[in-house]
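Reading through the structure tokens given below for one structure.
Numbering of ligands and ligand atoms starts at 1, following listing order. Worth knowing before you read on, the calculation uses all heavy atoms, side chains too, and leaves out hydrogens, waters and symmetry mates.
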Amino acid sequence: TSNQMWGGRFAAGPDAIMEAINASIGFDQRMAAQDIAGSRAHAAMLAKAGIITDSDAEAIREGLLTVLSEIDSGSFNFSTALEDIHMNVEARLKEIIGEPAGRLHTGRSRNDQVATDFKLWVRDQLDATDGALVALIKALLAQAEQGADWVMPGFTHLQTAQPVTWGHHMMAYVEMFGRDLSRIRDARKRMNESPLGAAALAGTSFPIDRDMTAEALGFDRPAANSLDAVADRDFALEFLGAASICAMHLSRLSEELVIWSSAQFRFVTLSDRFSTGSSIMPQKKNPDAAELIRAKVGRIFGANTGLMMVMKGLPLTYSKDMQEDKEQVFDAADNLMLALAAMEGMVKDMTGNRESLAAAAGSGFSTATDLADWCVRALNMPFRDAHHVTGSLVAMAESRGCDLPDLSLEDMQSVHCDITDDVFSVLTVENSVASRTSYGGTAPSQVRSQIARWKDILA
Ligand code: ARG
């Protein structure tokens, strides 16, 4: 038998394979609540505009509420023959209320309907991501506050560079996730225009009120071009783009946690709640959550690339290719939320090992730059010469197997006769970090003012 929604011009029903490749109900049922919200807004508008009667609108409203409760309770029977969530809902509505159900689709198409549903879904997801990012940022702020003046090595090339503070390192991630948050908020603002009423692609001759449906669904305004409204998936791509960058940040932090929790580093101890054991090696405590977060950037970036590929060659307006937008977005959204929650938990629970951090901070000649800077200030040496003198002292310390502060004044003077005892004051890591007071520098005073700034922003 031919399809009850569009079968008028068909003599035969679809092949089973046709039905299988065409159906999206297996995944787009996740948009049921959005679909019903859109239909309720549309029906109320049709009645207000005098396009359907108030009693039909009331029957549709009540019927849709029944459908929603059936879906929520799990008693709804989704049908593959009915393709997608839009037709499943409408067909069930017809079973419940009869003839008025057929009037709901006046002045509307599945093209503007699906664009509306999906936008509402992505918008909800942006809001959820916003909340999860704020929670993660707060967890990082708490770590930064606790260890604002703890010293640790700062790295470039994963080689010891200069001492920094734990608080400063945590705050670097606050900046990254803060930018992710602003990307999410920008995307939400830009996407918040209603496609509903664009109909199939050209608009409609019915006297619909698109401002009314836009407002009912929490959009700022109706989308201004009906062709664009049904063809646009930028909103999903912006979400995936922002999600990809955020996942990349999560992955970098994960990588650090994996390294830091190793026996060789011991910078942090992860909590039992966010670690796993080994079935054979009893001593093992593995950072699996961090590793899985590190891996998830792959599928999120894959979704971004995947949807870009779906969209890039499509002529205006709607093509069925666009049905392939949802699974990738759903998967990316689910995994981003999971990754954010796991990272928040790990960061909240982890213990920075102050002693190991401090011991590492002082090794690897981390205050060599301070020594060179001292030569510039105290001896009025050009920085390039100071660099050279310091390099010789590092080589001397290295050959003796000691650190810079362990060299004697005589050792120092054998390289440059003007060096005085005062040099030792800059060779401690505490003095080194305390001196980095330039704006955005690692000095605890700077870190504390950045923590205060972020607390203000989030308040
Ligand atoms: N299931 C479809 C999708 O997800 C709904 C829109 C169908 N529109 C159409 N003209 N066939 O894109």
Side-chain angles (χ1 to χ4, degrees), residues 2-10 13-15 17-39 41-42 64 67 71 76 78-94 102 104-125 191 194-204 213 217 223 225-237 239-240 303 306-333:
S2 62
N3 185 290
Q4 60 167 302
M5 295 289 165
W6 42 256
R9 56 110 71 218
F10 286 72
D15 189 90
I17 296 295
M18 180 63 219
E19 204 172 281
I21 195 172
N22 200 33
S24 55
I25 190 61
F27 49 88
D28 69 11
Q29 52 183 270
R30 282 187 73 167
M31 307 192 305
Q34 289 79 7
D35 192 70
I36 287 169
S39 289
H42 186 67
L64 286 171
V67 174
I71 292 172
F76 191 94
F78 292 104
S79 150
T80 308
L82 288 166
E83 269 186 60
D84 56 25
I85 186 62
H86 324 296
M87 300 213 284
N88 269 269
V89 168
E90 195 185 314
R92 178 69 187 128
L93 182 67
K94 181 141 190 251
L104 170 60
H105 215 51
T106 315
R108 182 179 80 168
S109 154
R110 271 191 295 157
N111 296 347
D112 59 337
Q113 192 179 354
V114 74
T116 303
D117 294 4
F118 196 32
K119 258 196 176 180
L120 291 173
W121 195 93
V122 171
R123 194 178 70 187
D124 285 348
Q125 206 56 44
M191 74 170 288
S194 173
L196 195 56
L201 76 166
T204 175
T213 47
L217 296 169
N225 182 298
S226 63
L227 301 175
D228 174 53
V230 297
D232 165 37
R233 291 295 180 273
D234 293 8
F235 60 92
L237 286 165
F239 167 64
L240 292 175
L307 185 53
M308 279 289 200
M309 295 303 287
V310 167
M311 296 306 296
K312 75 170 183 65
L314 298 185
L316 300 189
T317 53
Y318 179 87
S319 296
K320 199 60 173 264
D321 310 49
M322 289 161 70
Q323 179 165 284
E324 289 285 309
D325 55 3
K326 292 170 211 66
E327 281 170 293
Q328 321 209 45
V329 170
F330 293 161
D331 183 76

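D234 is linked by a side-chain hydrogen bond (donor to acceptor under 3.5 Å, both in side chains) to nothing, counting only residues two or more places apart in sequence or in another chain.
A cation-pi arrangement is absent between R92 and F76, since the terminal nitrogen or guanidinium carbon is not both under 6.0 Å from the aromatic centre and inside a 45° cone about the axis.
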List of N/O pairs, ligand 1 versus protein, all under 3.5 Å?
residue, atom, partner, partner atom, Å
ligand 1, 1 (N), S24, OG, 3.2
ligand 1, 1 (N), D84, OD2, 2.9
ligand 1, 1 (N), Q323, OE1, 2.7
ligand 1, 4 (O), K326, NZ, 2.6
ligand 1, 8 (N), N111, OD1, 3.0
ligand 1, 10 (N), N111, OD1, 3.0
ligand 1, 12 (O), Y318, OH, 2.4

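Salt bridge present: D325 and R233 bring a charged side-chain N and a carboxylate O closer than 4.0 Å.
For the ring-ring contact (aromatic ring centres under 6.0 Å, His included) criterion with W121, the lone passing option out of F330, F27, F235, F239 is F330.
Residues V122 and K119 form no side-chain contact, since every pair of their non-hydrogen atoms from C-beta on lies 4.5 Å or further apart. Between T204 and R108 there is no side-chain heavy-atom pair separated by less than 4.5 Å.
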